[in-house]
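Proteins get letters first, then strands, A, B, ... in listed order; numbering begins at 1 in each. Just so you know, these numbers come straight off a predicted model, no measurement behind them. All heavy atoms count here, side chains included; hydrogens, waters and symmetry mates do not.
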Amino acid sequence: MNDLKNLKTEEYFLSMGPQHPSTHGVLRLILKLDGEIVTGATPDIGYLHRGLEKIAENRAYIQIIPFTDRLDYLSSMSGNLAFVLTVEKLAGIAPPPRAEYIRVIMAELNRLASHLIWLGTFSLDLGAVTPFLYCFREREKILDLFEMITGSRLTYNYMRIGGVAADLSAQFIKDAAAFIQDFKFRVAEYEALLTQNPIFLARTKNVGIIKADKAIAYGLTGPMLRASGISRDNRRDFPYAIYDKLSFDIPAGTVGDCWDRYAVRVREMRESAKIVEQALSGLPEGNFKTKVPLSLKPPAGESYAPVESPRGEIGFYLVSNGTAKPYRLKIRTPSFCNLSIISHVIKGWKVADVVAILGTFDVVLGEIDR
Amino acid sequence: MEIIVLSLILFGIGLFGALTRKNAIAILMAIELMLNAVNLNLAYFSHNLSNISGQVFVLFIIAAAAAEAVIGLAIIINLYREFHKIDVEEITLLKW
Amino acid sequence: MIIGLIILLLKIAAVLVFISLTVLFLVYAERKVSAHFQVRYGPMRVGWHGGLQMIADTIKLLLKEDITPKDVDKLVFFIAPILCFVSAYLAYLTLPFSPQIVVKNLNIGLLYILGVTSLTVLSLMMAGWASNNKYALLGGFRSVAQIISYEIPLVLSVLPVVMMAGSLNLITIVEAQKSLPFILVQPLGFLLYLTAAAAEANRAPFDIPEAEQELVAGYNVEYSGIKFSMFFLAEYVNMFTICALAAILFLGGWQGPILPPVIWFLIKVYLLVFVLMWVRWTFPRLRIDQLMSFCWKILLPLALANFLISGLWLVLK
Amino acid sequence: MIFYFLAVTLILSAILVVTLKNIFHCALFLIVAILAIAGLYFHLQAPFLGVVQLIIYIGAIMVLILFAIMLTSRISDRLLQTASRQSIPALLAVIVFILLALKSLDKTPLPAHIGKNFDPILDLGRALMTAYVLPFEVVSLLLLVALVGAIALARKD
């Protein structure tokens, strides 16, 4: 019988994407398959490359903000926030307290919207169609709120150097508070559909495990890192804006499987709702923007101010040579670093698991291809 | 009477296939044709003689054909894994 | 002789028309049911509450360009959807809607239906192979593995009913349930049947062969226009078949008070159809290996045990 | 009428099975041949056999064969090669065999059709459970052995 071990089966390549419903954008995975089992995977990226880092070298600082919308288009606020924080750090500008609160409210609402999309598409990846529409129902309400203040529903271009673009209206505060109250019950609804569903458990428990040491070695951040059991969150560890004044938990997993990544994100949604609630109740009166010269010329130097986006650490590394345009901009995007572990994780799993595992990575191709 | 001739021709075609084909699966299919020819004969006699035994044996033969196909195909798949071909003329070793 | 033939042909035509209308209604019902499960309205614009939407969709599908990709196996590519369609329809030749409304009452009706529905697997395989596409091929492989495996618990779950009725004739089976429907005696058998049949008909959560999110659309990924609509229609015809069979075998078929038999039959069938839709829009999809181990490790032992206990009970009674 | 239609279909598809170059097409024509035989069973008033033919031959055996074809060859390449140096002797041998068999058939008196009809399913079940109960069990054992054997053969580890 030992001889049978040498028997070979045919291996073949399957090109998953760039046009595929479950790669969440124009990601192409070149899978090496033995039957249904994946023996190797190479992600092929770059279909959405726009050269943002180079473009930024020819733009004034304020002109770069709209480009940051188009990085992680599911949570534009985080990209906005990270960039303006970096510029403020470089130029030594302090925004007024009301602006700081507004920024946190917006960023956390955007985190909710982003996680809702993730939850919806992830359940869709597993073949459960109904949670997708439930999630989009709540996301619509958040987008309505954003539209009320920023005028747009996806790319907000809302943060400004030294503040935000527009003040919150009384209507917004009332609606947002009502939404947060309602949202707590909605999360319970999603969990009722998925968390203990035996098929869902079978598809996610112990699937695609990322060990803590591997997660660190590959430089993962955000929910993917926390699901592996490492509690690290920029909001708590390197607080910016007003996060040090708020009380919230950093949920973490234990195993690092797909289910943990799901659970971490769902619990994060509850925490974000808590943060928004606190920030709304503590919102101070005052100005929402400080005066900043139109042609901002930060002193020569460099700065980096990481922000915890829904996907992990997003950071802009800015080098200024004292002119009105940055000398160099380097963007550290969480999806890019998180995706790098994929070929390590999906080896040995089935084609169907590739979709589930990739779903829990929550990548946004706008971020990966910049 | 026509059915006996029909099954005879069918058997002949199957035999021809089994003799000339090189691909192991094609040979297996030719053998299935021959088995079916035999079954047809049995069913005919069962009908003609109003004796159920013919049909019983057709059932047994179908079961045996299923077993034969399963084992045969398992062997063929193994051969393919080893040699990457299933031409019977090229697979001449009894032991590998 | 000639008149008999004409009557038979008329019956077949009537069944074809009925089934086509049923499929239209089923698709409409599925869209409405799913919409209301997902807090939306579904089709609303074409006709009252979107009632004519399906007709519009049918016209659209029929008018679409029928693309045959390069390098497909043209003959097989062409035959596969037709075979799928035909094998789905063949079952209706012996499916009784009431004691009178049946095209041809076969003595081995149940076996015949199980036989012709097993032809579907061939068409899926042919489609997967002929498309010359790896996703389609994977879908074809999966469908074969799945349908062959689930056929065993399916047949085993039906056998106790056959033993109790003492016949394979569907009308006799229904008449054997005059006093009480078999679901009360065979609740486990009913559940096993419905599960295995849903898997046979590729209904979610067992829709692995087409698994939209993994295999894009599996075996029918290269199909378009009327060929695609044939696969699509066959899927809904099969769904109606398994529900009708469940109603006949377990729910007492057309028997019921007051209302005419056909109405009772349709009520029972549509109730089961609704259950299948409910399941589809609630559960995630299983993975192929989990699906197989579910079949071999859970369904098959349960079906065998059910079969054995029913047999013992019938002998000792 | 129906008989001749089925017979012609059967012969034509059988010839295609043993001569076509594309093995997938061969298998499909074998399916047609098996369907024709199932039709002949119905014609011979053996409907149970017809349905069993449908379920087992097409639903199981042919699907297995198609599966094996898919696993052992690439799409639309590797056309079959028929051994040309064997085909003429084989044809001759087959023709001789058929002629001999026809001759012996001619010499054998065939019993005339007895008009007695029987219930094909009931009698078949009775026969299987009384006179043929031992072979029946042996066949089920054979199937079990084949099942285990196939798993043992096809397992990779």
Side-chain angles (χ1 to χ4, degrees), chain B residues 1-6 8-23 25-26 28-30 32-33 36 39-40 43-44 46-50 52-60 62-71 73-78 80-81 85-87 89, chain D residues 3 7 10-11 14-15 17-18 23 26-27 30 33-34 37 40-41 44-46 49 52-53 56-57 60-61 64-65 68-69 71-72 80-83 86-87 90-91 93-94 97-98 101-102 105 110-111 113-114 116 118 120 123-124 127-128 132 135 139 142-143 146-147 149-150 153-154:
Chain B
M1 183 64 194
E2 293 97 332
I3 290 193
I4 299 179
V5 177
L6 178 67
L8 183 59
I9 296 172
L10 189 62
F11 190 86
I13 295 171
L15 188 61
F16 175 76
L19 286 175
T20 53
R21 289 286 182 161
K22 280 177 165 180
N23 184 309
I25 295 179
L28 198 66
M29 290 198 288
E32 297 292 343
L33 275 182
N36 268 300
N39 279 351
L40 195 57
Y44 170 70
S46 161
H47 171 68
N48 218 12
L49 303 174
S50 291
I52 203 71
S53 302
Q55 293 197 22
V56 173
F57 274 94
V58 172
L59 281 183
F60 288 160
I62 289 180
E68 169 235 335
V70 167
I71 294 293
L73 290 172
I75 293 172
I76 289 171
I77 298 284
N78 259 352
Y80 182 74
R81 280 188 191 150
K85 55 181 176 270
I86 46 173
D87 279 6
E89 292 200 347
Chain D
F3 167 74
L10 177 58
I11 295 296
I15 289 173
V17 170
V18 295
I23 189 164
C26 291
L30 182 54
I34 286 170
I37 290 177
L40 284 172
Y41 287 154
L44 289 174
Q45 282 153 16
L49 286 187
V52 165
Q53 177 95 347
I56 295 181
Y57 251 108
I61 297 180
L64 265 183
I65 287 180
I69 292 172
L71 285 174
T72 54
L80 288 180
Q81 281 168 0
T82 312
Q86 277 184 12
S87 60
L91 195 63
V94 166
F97 166 74
I98 290 179
L102 279 177
L105 198 62
L110 281 177
H113 174 50
I114 308 165
K116 196 184 82 181
F118 50 89
D123 286 355
L124 196 58
L128 276 177
Y132 294 101
V139 162
L142 171 75
L143 282 176
L147 184 78
L153 271 176

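- Of the listed residues (D/Ala27, D/Ala60, D/Gly149), the greatest number of heavy-atom pairs within a distance under 4.5 Å of chain B belongs to D/Ala27.
- Only the side chain of D/Leu30 comes within less than 4.5 Å of a heavy atom of chain B; its backbone N, CA, C and O stay farther away.
- Annotation: maximal heavy-atom pairing with chain D below 4.5 Å, among B/Ile13, B/Val70, B/Leu10, B/Leu28, occurs at B/Ile13.
- In this structure, the portions of D/Tyr132 lying under 4.5 Å from any heavy atom of chain B include both its backbone and its side chain.
- Residue contact with chain D, scored on non-hydrogen atoms closer than 4.5 Å, is absent for B/Glu68.
- If you measure heavy-atom distances from D/Val17 to chain B, the contacts under 4.5 Å come from both the backbone and the side chain.
- With respect to chain D, the highest number of heavy-atom pairs below 4.5 Å among B/Val5, B/Leu15, B/Leu40 belongs to B/Leu40.
- Of the atoms belonging to D/Ile34, it is side-chain heavy atoms, and not backbone ones, that fall under 4.5 Å from chain B.
- For the residue pair B/Glu32/D/Tyr57, the side-chain donor-acceptor check at 3.5 Å is satisfied.
- For D/Leu44, the parts lying under 4.5 angstrom from a heavy atom of chain B are both the backbone and the side chain.
- With a 4.5 angstrom heavy-atom cutoff, B/Ala65 touches chain D via backbone and side-chain atoms both.
- Of the two parts of D/Ile15, the backbone and the side chain both hold a non-hydrogen atom closer than 4.5 Å to a non-hydrogen atom of chain B.
- Heavy atoms only, all atoms of each residue included: B/Ala43 and D/Leu49 are closest at CB-CD1, 4.2 Å.
- Rounded to the nearest 0.5 angstrom, B/Thr20 OG1 and D/Leu91 CG are separated by 9.0 Å.
- Between D/Leu143 and B/Ala63, the shortest heavy-atom contact is CD2-O, 3.6 Å.
- For the pair B/Leu6/B/Tyr44, no side-chain contact is recorded, criterion being any heavy-atom separation below 4.5 Å from C-beta on.
- Contacts with chain D were tallied for B/Leu33, B/Val56, B/Asn36; B/Asn36 has the most, counting heavy-atom pairs under 4.5 Å.
- Residue contact with chain B, scored on non-hydrogen atoms closer than 4.5 Å, involves the side chain of D/Ala33 exclusively.
- With rounding to the nearest 0.5 angstrom, the CG atom of D/Leu105 is 5.0 Å from the CD1 atom of B/Ile4.
- In this structure, the portions of D/Leu64 lying under 4.5 Å from any heavy atom of chain B include both its backbone and its side chain.
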Dump the intermediate steps for side chain to side chain contact (heavy atoms under 4.5 Å, CB included) on B/Val58 and D/Tyr41, then the final yes or no. CA-CA 11 Å; B/Val58 172; D/Tyr41 287 154; 3.9 Å; yes
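- We find the CG-CD1 distance between B/Leu73 and B/Ile25 to be 6.0 Å, quoted to the nearest 0.5 Å.
- Shortest non-hydrogen contact noted between B/Ile71 and D/Ala146 is CD1-O, 3.5 Å.
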